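First up is the structure itself, then whatever we jot down about it.
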Amino acid sequence: MSRPEVESSGPRRFILFTLAIPLLAFLGLWLTARVGCSADHTQRQRVQQSALDLISADGASLQAQLTAPQQTEVAVLLVGDRALDENWNSGAVRAAAAERLALALGEEYGAASLRFAGRASAGSRASRESYHDLDLAIADIAAAWRALHMRFPEARKTLLAHGEGCALSLAALGKMQTHDLPLRLALSSCWLSDTMLDLWGERLLWNLQRSGASQEVLRRASETWRTFRMRWPHGQLPDDRATPADLQIFLAALRELQSPGWENFRQQSTQLRPRLLLADYGRRNGRWRFFPGEFDEELPEQQRLAASAIASSRPETLRGADHFLLETDRRREGLPLAWQRWRSNRGLASDVSRLTAWLSFQDDRQ
């Protein structure tokens, strides 16, 4: 009885197969058209990374990395803290944020970039005596900018400064002729204090607060810093015996500031004024923006507001980004910041594409 059913299934399958052929062909053509329309936006470019030595004004050699596609019309200088190497790594940080930024700029937007080690990092062969010399750190940035210009003389040039690199970059740019300035300047995780010395002290107090110190310790530390700052450079520190451990650590940092190795910093730090330098840069070249990470715990709210006041606009907060612009799930999982920084498998937060696009002139706004 089942024989007719078996025999009738052949024609049915043939009809279905015949109908499926044009449907699949149409689907294939539609997908091909979609891919072709978006190829210019999704195709990643091949880049080459080359190690080189950057020679600064005092003859110090700093490790540097050049990341570039075969052809480029944009070149970007990446500037970080003095204590970070060319990838923005240190003994406590293994995220390679600068390398990730360089690859994103090159592979996604075809922009070349140069990054270099801070002179107080493992990638520096500078003398220890120069670690805290702000003038030499500024000269390092100027040397890197000249190297970028020599390598890509015809390219449009932009600069990304991060952390302490913001104040130092502004000082370096303040010494340049207007026609030599970057066409765009991006600042991230920047402290815009009155002076570099104030920046140093305010960050010290902020880190003490983030460590969970009691309100009494924070009050005493703030009073100590205020008195110390008013009597600079001859401020006297209180005896730290019989004081809480958190306050002892704070006082130890102030004593380190008074040590011989910090002499150049003490002389130069009150002359370097980040807030005024940024205001002056804005008058000379208004094309700058502030890109803080949404979850940047090293940047207090008042510093975000300080940048907004100078720019007369809101910061371009990068959603999901931490201090080093990497994706973070810390709010969801309550993970310690130190653990986050050691996670080398994290990539850039997706919203950082707004920053890299702006630096590469790929945004819709000019």
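Below, each value reflects all heavy atoms present in this structure, side chains not excepted, and no hydrogens, waters or symmetry copies. Note that the coordinates shown come from a computational prediction; the quantities given were computed from them, not determined experimentally.
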Item to check | Heavy-atom closest contact (Leu170 atom, Leu192 atom, distance) | outcome: CD1-CD2, 4.5 Å
Checklist entry - In terms of hydrophobic clustering (I, L, V, M, F, W, Y; side-chain heavy atoms under 4.5 Å; direct or indirect links), are Leu278 and Met196 co-clustered? => result yes
Checklist entry - For Ala95, does its backbone N or O pair with a side-chain atom of Arg100 as donor and acceptor, under 3.5 Å? => result yes
Item to check | More than 12 heavy atoms of other groups within 6.0 Å of Glu301 CD | outcome: yes
Next on the checklist: Can you see whether Asn264 engages His132 through a side-chain donor-acceptor pair at a distance of less than 3.5 angstrom?
Outcome noted: no
Item to check | Verify same cluster id: Tyr109, Val352 (apolar side-chain graph, 4.5 Å) | outcome: no
Checklist entry - How far apart are the closest heavy atoms of Asp85 and Asn87, and which atoms are they? => result OD1-N, 2.9 Å
Checklist entry - Could you go step by step and tell me if Leu148 and Val76 meet the side chain to side chain contact (heavy atoms under 4.5 Å, CB included) rule? => result CA-CA 8 Å; Leu148 188 71; Val76 186; 5.9 Å; no
Checklist entry - For His323 and Glu297, what are the C-alpha separation, side-chain angles and deciding distance, and is it a side chain to side chain contact (heavy atoms under 4.5 Å, CB included)? => result CA-CA 7 Å; His323 175 68; Glu297 292 190 341; over 6 Å; no
Checklist entry - Any sub-3.5 Å donor-acceptor pair from Thr227's side-chain atoms to Thr224's backbone N or O? => result no
Checklist entry - Measuring from Glu316:CD to Arg314:CZ, what's the distance to the nearest 0.5 Å? => result 10.5 Å
Checklist entry - With no hydrogens and no angle check, is any side-chain donor or acceptor of Ser124 less than 3.5 Å from a backbone partner on Ser121? => result no
Checklist entry - Between Asn207 and Glu202, is any pair of side-chain heavy atoms under 4.5 Å apart? => result no
Next on the checklist: Ignoring hydrogens and geometry beyond distance, is a side-chain donor-acceptor pair present between Gln49 and Thr67 at under 3.5 Å?
Outcome noted: yes
Next on the checklist: Could you measure the distance from the CG atom of Leu318 to the CZ atom of Phe290? Nearest 0.5 Å is fine.
Outcome noted: 10.0 Å
Checklist entry - Do other residues, nucleotides or ligands put more than 12 heavy atoms under 6.0 Å from the CD atom of Gln48? => result no
Checklist outcome for this item: Shortest non-hydrogen pair, Leu205 vs Ser222, comes out as CD2-N, 3.9 Å
Next on the checklist: Can you tell whether the side chains of Arg266 and Glu263 come within less than 4.0 Å, N to carboxylate O?
Outcome noted: no
Next on the checklist: So which atom in Ser169 and which in Leu159 form the shortest heavy-atom distance, rounded to 0.1 Å?
Outcome noted: OG-CD2, 4.0 Å
Item to check | Main-chain N/O of Met176 paired with Asp180 side-chain donor or acceptor, under 3.5 Å | outcome: no
Checklist entry - Taking side chain as C-beta onward, heavy atoms only, is Arg119 less than 4.5 Å from Ser130? => result yes
Checklist entry - Is there a chain of hydrophobic side chains (I, L, V, M, F, W, Y, each step under 4.5 Å between heavy atoms) that links Leu105 to Val47? => result no
Item to check | Sequence-distant partners of Arg125, side chain to side chain donor-acceptor pair (under 3.5 Å), two or more places apart | outcome: Asp53, Ser61
Item to check | Validation row: Pro274, Leu272 side chains within 4.5 angstrom (heavy atoms) | outcome: yes
Next on the checklist: With rounding to the nearest 0.5 angstrom, report the CG to NZ distance, Leu181 to Lys157.
Outcome noted: 12.5 Å
Checklist entry - Heavy atoms, side chains only, cut-off 4.5 Å: are Gln268 and Asp133 in contact? => result yes
Checklist entry - Under the 3.5 angstrom rule, does the side chain of Thr72 hit a backbone N or O of Gly110 as a donor-acceptor pair? => result yes
Item to check | Considering all heavy atoms, the nearest Arg354-Thr317 contact | outcome: NH2-O, 2.7 Å
Item to check | Expected output: side-chain Gln65 to main-chain Arg115 donor-acceptor under 3.5 Å | outcome: no
Checklist entry - Aromatic rings Phe324 and Trp88: how do their planes relate, parallel, tilted or perpendicular, breaks at 30° and 60°? => result tilted
Checklist entry - Would you say His149's side chain and Glu154's backbone share a donor-acceptor pair under 3.5 angstrom? => result no
Next on the checklist: So Leu257 and Leu197, do their side chains get closer than 4.5 Å, heavy atoms only?
Outcome noted: yes
Item to check | Donor-acceptor under 3.5 Å (Thr158 side chain, Leu359 main chain) | outcome: yes
Checklist entry - Out of Arg273, Arg275, Arg229, which one pairs with Asp198 under the side-chain hydrogen bond (donor to acceptor under 3.5 Å, both in side chains) rule? => result Arg229
Next on the checklist: Under the criterion side chain to side chain contact (heavy atoms under 4.5 Å, CB included), I'd like the reasoning laid out for Arg346 against Thr328: C-alpha separation, chi angles, the key distance, then a yes or no.
Outcome noted: CA-CA 8 Å; Arg346 288 187 301 149; Thr328 180; 4.2 Å; yes
Next on the checklist: Just verifying a value: how many Å separate Ser193 OG and Trp200 CH2, rounded to the nearest 0.5 Å?
Outcome noted: 13.0 Å
Checklist entry - Should the heavy atoms of other residues, nucleotides or ligands under 6.0 Å from CD of Gln45 be counted, would the total exceed 12? => result yes
Checklist entry - Sub-3.5 Å donor-acceptor pair from the side chain of Thr356 to the main-chain atoms of Ser353, do we have one? => result yes
Checklist entry - Is Trp206 close to Leu299 at the side-chain level, that is, under 4.5 Å between some pair of heavy atoms? => result no
Checklist entry - Should Val217 and Leu237 be regarded as members of a common hydrophobic cluster, given that ILVMFWY residues are connected when their side-chain heavy atoms come within less than 4.5 Å of each other, either directly or indirectly? => result yes
Checklist entry - Under 30°, 30 to 60°, or over 60°: which ring-plane class applies to Phe291 and Trp358, parallel, tilted or perpendicular? => result tilted
Checklist entry - Asp140 and Leu54: which non-hydrogen atoms are nearest, and at how many Å? => result O-CD2, 3.9 Å
Checklist entry - Just by distance, do the side chain of Asn285 and the backbone of Arg287 share a donor-acceptor pair under 3.5 Å? => result yes
Checklist entry - Any side-chain heavy atom of Leu101 sitting closer than 4.5 Å to one from Ser113? => result no
Next on the checklist: Are Tyr131 and Phe265 linked, directly or through intermediate hydrophobic residues, by side-chain heavy-atom contacts shorter than 4.5 Å (ILVMFWY only)?
Outcome noted: no
Checklist entry - Taking atom OG1 of Thr195 and atom CH2 of Trp232, what is their separation to the nearest 0.5 Å? => result 9.5 Å
Next on the checklist: Quick check for you: to the nearest 0.5 Å, what is the distance between Ile310 atom CD1 and Leu305 atom CG?
Outcome noted: 11.5 Å
Checklist entry - Heavy atoms, side chains only, cut-off 4.5 Å: are Leu160 and Val79 in contact? => result no
